[in-house]
Amino acid sequence: MGETKYIFVTGGVASSLGKGIISSSIGKLLQARGYKVTIQKFDPYINIDPGTLNPYEHGECYVTVDGHEADLDLGHYERFLGIQTTKANNITTGRIYKSVIDKERRGDYLGKTIQVIPHITDEIKRNVKLLGNKYKFDFVITEIGGTVGDIESLPYLESIRQLKWELGKDALCVHLTYVPFLAAAKELKTKPTQHSVKELQSLGVQPDILVLRTEHDLSTNLRKKVALFCNVAENAVVQSIDASTIYEVPLLMQEQGLDETILQKMGLPLGERPTLGPWKDFLNRRTQATEEVTIALVGKYVELQDAYKSILESLSQAATYNDRKIKIEYVSSETLTKENAPELLGHVDGVVICPGFGSRGIEGKFVAAKYTRDHNIPTFGICLGMQCIAIEFARNVLGYADANSVEIDEKTKHNVIDIMEEQKAITNMGGTMRLGAFECVLKQGSKAFEAYGQEHIQERHRHRYEFNNDYRAEFEKAGMKCVGINPESDLVEIVEIPTLKWYIGVQFHPEYSSTVLNPHPLFVSFIKAAIGK
């Protein structure tokens, strides 16, 4: 195609409007036209990455194949486009400043005074163009976190201004704003959008396309008004109305010709409109499914759905491919006890014991593992959930009443979950984890092997502690089989109880690998077993 094209997605009026979904939708539509597309997220916070952030602060921490802890929007990018992102796809202000400061300490700037312009903005621009220069993508979509007007976003917007000037037709800005509906006046108000665009213009950035988030249909006259006041072509004002599922958004954008407008503005041929057949098939199955499958999520962040975003999407996708609607029941592991377990878990079709860190809510996860094991309810333990399954089994089947993880109890005599030997000397919080994709070999004949349909797999990890191999023989003899093993380290990755309907724990995070068109086989198998219950 020639030179890489750059699309910047900014937001105004309010946060959480769905810049990640719009970015993913644009990427999907361009990808469907045969272009090689990637998406990156620039986050204005000063943390180096979200790895040390509490989920209450920033939702789920997503992990890329190369072991980078990233913003949850990268999960949307991968699920929509079926691509794998890397460290280069998520940049924070912390990383930008650290890179510049490291260069200054090395003397790379030859004694110059280091300033936001040009040094910080040059570093931002270098990272924007890195994917295009290195991997030769046709389109690099860059989502700028936060809202126009935030002081933290100013260096990024200045970088966009410079890049738009330097790149000409090879760069454009899509600005996402909100059009509120005042119930008392029964009116949609465009003034917040006008102010947001003026704020952007005052920084030297003229948006090329406006996407208006709304709960109500926007009239042609209203869109014309926005176009007039914001110096944007009428066909470049697009509405993004609330949809029943985020996966409808690419089709809604396509109906309004968003991808065609982008191609026209960048001087590229339109060609035929893509049919998006497999995507529409997925949505049709989702719409036509009438029967429900009920899954309980047992975790300590159940009031915060973004903390388990990838798990929720993976369950939803797997339910669709099993022709079911998913019904999620959130069960707080902090309040789950053996007394209320029958009421909270007895009626569900399956249970997911969620990942996490620390001791808060851990006893409730042990309760869930025991109840579902005793009552043969399909159970999926993920990361810490897998460790809880193992600890509960050690306590109540092997008879080690004090069995635990050294994360929870450093003095336990039965450390069935222990920290890896090579991690013990590391004190830097960001460096103590096993991160990224690792190989795993499955035991033929196991339920995990049946689900995957292959012996060698690769999955992503994010954890510090591991199953203690000193207990492996005892577990196997008592009925919990170690059916997934890392071929290099001999670490246990998957445990299951084959005599039960579906009782599997995985040390990795399969939810990171599930996409719209390729749902994760373990989730599909789990939902199938839950339906069979």
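Basis for what follows: all heavy atoms, side chains included, without hydrogens, waters or symmetry-related copies.
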Asks: Any side-chain donor paired with an acceptor under 3.5 Å for Asp217 and Gln239?
Replies: yes
Asks: Salt bridge or not for Arg95 and Asp49, using N-O below 4.0 Å?
Replies: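 Not counted as a salt bridge, because no side-chain N and carboxylate O are separated by less than 4.0 Å.
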Asks: Quick one: which of His76, Arg462, Glu78 gives a side-chain hydrogen bond (donor to acceptor under 3.5 Å, both in side chains) with Tyr62?
Replies: Glu78
Asks: Testing the basics here: between Cys354 and Gly299, what is the closest heavy-atom pair and its distance to 0.1 Å?
Replies: CB-CA, 4.2 Å
Asks: Tell me yes or no: between the side chains of Gln256 and Arg223, is some donor less than 3.5 Å from an acceptor?
Replies: yes
Asks: Would you say the side chains of His68 and Thr86 form a donor-acceptor pair under 3.5 Å?
Replies: no
Asks: Heavy atoms only: give me the nearest Asp66-Lys87 pair and the separation to one decimal.
Replies: OD2-N, 3.0 Å
Asks: Test Asn89 against every option in Thr38, Thr64, Asp71 by the side-chain contact (heavy atoms from CB on, under 4.5 Å) rule and name the one that passes.
Replies: Thr38
Asks: Determine, for Glu166 against Lys125, whether the closest basic-nitrogen to carboxylate-oxygen distance falls under 4.0 angstrom.
Replies: yes
Asks: Nearest 0.5 Å, please: how far is CG in Asp73 from CG in Asp43?
Replies: 8.0 Å
Asks: Looking only at side-chain N and O atoms, does Glu60 offer a donor or acceptor that is under 3.5 Å from a partner on Ser310?
Replies: yes
Asks: Which atom pair, heavy atoms only, marks the closest approach of Gly267 to Lys169?
Replies: CA-NZ, 4.2 Å
Asks: Within the distance-only criterion (no hydrogens, no angle test), does the side chain of Thr190 pair as donor or acceptor with the backbone N or O of Thr193 below 3.5 angstrom?
Replies: no
Asks: Compare every heavy atom of Ala88 with every heavy atom of Leu131, then report the nearest pair and how far apart it is.
Replies: CD2-CB, 3.8 Å
Asks: Could you report the tightest heavy-atom contact between Phe80 and Ser25, atom names first, then the distance?
Replies: CE2-OG, 3.9 Å
